[in-house]
There are 2 protein chains.
Amino acid sequence: MPDTSIPTAIAGTRHDHSRCISTAMTTARSLCAQKGVRLTELREQVLNLIWQSHKPLGAYELMEQLARETTRRVAPPTVYRALEFLLEQGLVHRINSLNAYVGCTHPRQEHATNFLICRHCGVAIEFASVPLESSLQASADELGFVIEAHSIEVVGSCKRCTDQGVASHEH
Amino acid sequence: MPDTSIPTAIAGTRHDHSRCISTAMTTARSLCAQKGVRLTELREQVLNLIWQSHKPLGAYELMEQLARETTRRVAPPTVYRALEFLLEQGLVHRINSLNAYVGCTHPRQEHATNFLICRHCGVAIEFASVPLESSLQASADELGFVIEAHSIEVVGSCKRCTDQGVASHEH
DNA sequence: TTGGAAATGTTATATAATAACACGTTCACC
DNA sequence: GGTGAACGTGTTATTATATAACATTTCCAA
Ligand SMILES: [Zn+2]
Ligand SMILES: [Zn+2]
Ligand SMILES: [Zn+2]
Ligand SMILES: [Zn+2]
């Protein structure tokens with residue numbers, strides 16, 4: 001079995017991103033094969049474009065890049081359908097506060113959408129936390145609410161940007 | 001000083017909603033006076049419309065209702081500017097996953113945006129939890145991330161809908 | 001009073017997402 | 001190898017959400 005996940009929170013650090021890309025693509029292919037769903041060329045192209053960085057990418061930016069890459073016109077439904085597929089398979093997440101999409105770093109596990117998003121460099125860092133999930137569950141239990149899904153989007157400054165003092169150069 | 005908050009999680013329960021509305025409006029007026037900002041007629045109208053229920057209201061629905069109420073045409077910037085003001089003052093929250101706006105139940109306190117959202121009846125229940133905030137902070141600390149704001153949107157079934165078996169009648 | 005800031009009105013446009021239908025590809029089954 | 005149903009993609013049009021830019025009005029402090 002191929003590599004199956006990308007180290008937690010690598011997004012916020014210096015790292016060899018080409019490894020992120022290849023790991024993500026390999027995992028995606030194997031995961032789709034396993035589930036018996038088709039990772040078509042288009043879907044793979046879209047996933048690959050999304051994985052070019054850890055910054056969430058808007059559907060229309062994606063569309064432009066896809067058009068450039070394929071040298072033909074690409075209409076919105078094309079990318080939205082690919083995104084829909086990738087979301088269903090858990091290969092990408094949607095960042096609601098940004099209307100943008102980012103690759104999932106551990107698509108094999110069922111999990112919620114928890115992100116730290118840097119206001120300065122734009123990076124979205126996926127994270128998980130057992131205590132966080134339990135206290136969320138406790139809050140819901142208290143009110144008799146049955147959780148089906150959740151998304152946490154934290155905005156702030158990542159370590160790199162804070163260390164570089166980017167946060168202090170603000171207008 | 002007038003009543004300052006609405007009981008936690010009242011949204012998901014049977015209650016006298018007219019009290020929610022009057023409390024919210026009174027608190028808003030007093031809060032704006034205190035801060036030296038103007039709760040104009042338009043802004044108050046918008047806030048009042050949003051408070052007609054605990055279901056987040058879209059900007060365009062709001063626009064229509066406002067147009068009906070004032071019997072004149074209302075353009076998008078009108079409502080968006082009012083919403084911007086209300087968001088700044090902490091009187092309403094935006095639910096990113098729904099592109100919709102809902103009244104804040106405790107506008108006097110600084111706080112994040114945490115909601116339980118019922119898929120069946122549409123109600124958004126604002127909640128707070130100290131353990132939740134601390135575990136979130138712990139996750140961020142671990143990665144050197146400085147939190148500026150966050151939003152948690154939980155989707156599921158509220159107690160009322162679960163009790164009424166709405167959740168089981170699904171297609 | 002009066003002049004500048006704040007609020008609102010108005011028109012146009014940007015940005016994000018989906019509907020509806022046509023066309024092509026794949027693959028199990030014959 | 002043919003065939004058709006399911007799935008995937010192309011294409012056009014439209015809907016939904018939000019903002020830009022500038023004109024006009026209202027408010028309030030000096
Ligand atoms: Zn990387
Ligand atoms: Zn950063
Ligand atoms: Zn109420
Ligand atoms: Zn409900």
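Residue numbering restarts at 1 for every chain, and letters A, B, ... go by the order of the sequence lines.
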Residue whose nearest DNA chain C nucleotide is more 5′ - A:A59 or B:R73: B:R73
Please give, in whole Å, the distance from C:dA19 P to A:E84 CD? 10 Å
Give a yes/no on whether any side-chain N or O of B:T78 is located under 4.0 angstrom from OP1 or OP2 of C:dG9. yes
Do we see a donor-acceptor contact under 3.5 Å between the side chains of B:R29 and B:Q34? no
Nearest-Å distance for atom pair CG/P, residues A:L39 and D:dG8: 11 Å
Between B:E41 (CD) and C:dG9 (P), how many Å, whole number? 10 Å
Only counting residues at least two apart or in another chain, list the ones meeting salt bridge (charged side-chain N to carboxylate O under 4.0 Å, His left out) with B:E133. none
Separation of C:dT10 P from B:R72 CZ (nearest whole Å): 8 Å
Just do the side-chain hydrogen bond (donor to acceptor under 3.5 Å, both in side chains) check on B:E153 and B:S97 with the steps written out, would you? CA-CA 7 Å; B:E153 299 179 16; B:S97 58; 2.5 Å; yes
B:L98 CG to C:dA16 C1', in whole Å, measures 16 Å
Nearest-nucleotide 5' precedence on DNA chain D, B:N99 against A:A75: A:A75
Considering only residues two or more places apart or on different chains, which pairs with a residue in residues 29-62 of chain A satisfy ring pair (Phe, Tyr, Trp, His ring centres under 6.0 Å)? A:H15-A:H54, A:H17-A:H54, A:W51-A:H54
Under a plain distance cut-off of 3.5 Å, with no hydrogens placed, do B:R73 and B:T78 share a side-chain donor-acceptor pair? no
Dump every N/O contact between nucleotides 19-27 of chain D and the protein below 3.5 Å, one line per pair.
none

Can you tell me how far apart CG (B:L57) and CG (B:L98) are? Round to the nearest 0.5 Å. 11.5 Å
Measure the CD-OG distance between B:Q137 and A:S129 for me, rounded to the nearest 0.5 Å. 12.0 Å
Take the protein atom CE of B:M63 and the nucleotide atom C1' of D:dT17, then report the distance between them rounded to whole Å. 11 Å
Tell me the interatomic distance from B:Q89, atom CD, to C:dA6, atom C1', rounded to whole angstroms. 14 Å
Measuring from the side chain of B:T40 (C-beta onward, heavy atoms only), which nucleotide among C:dT10, D:dT17, C:dA7 has the closest atom? C:dA7
Measure from CG on A:L62 to P on C:dT15 and round the result to the nearest Å. 16 Å
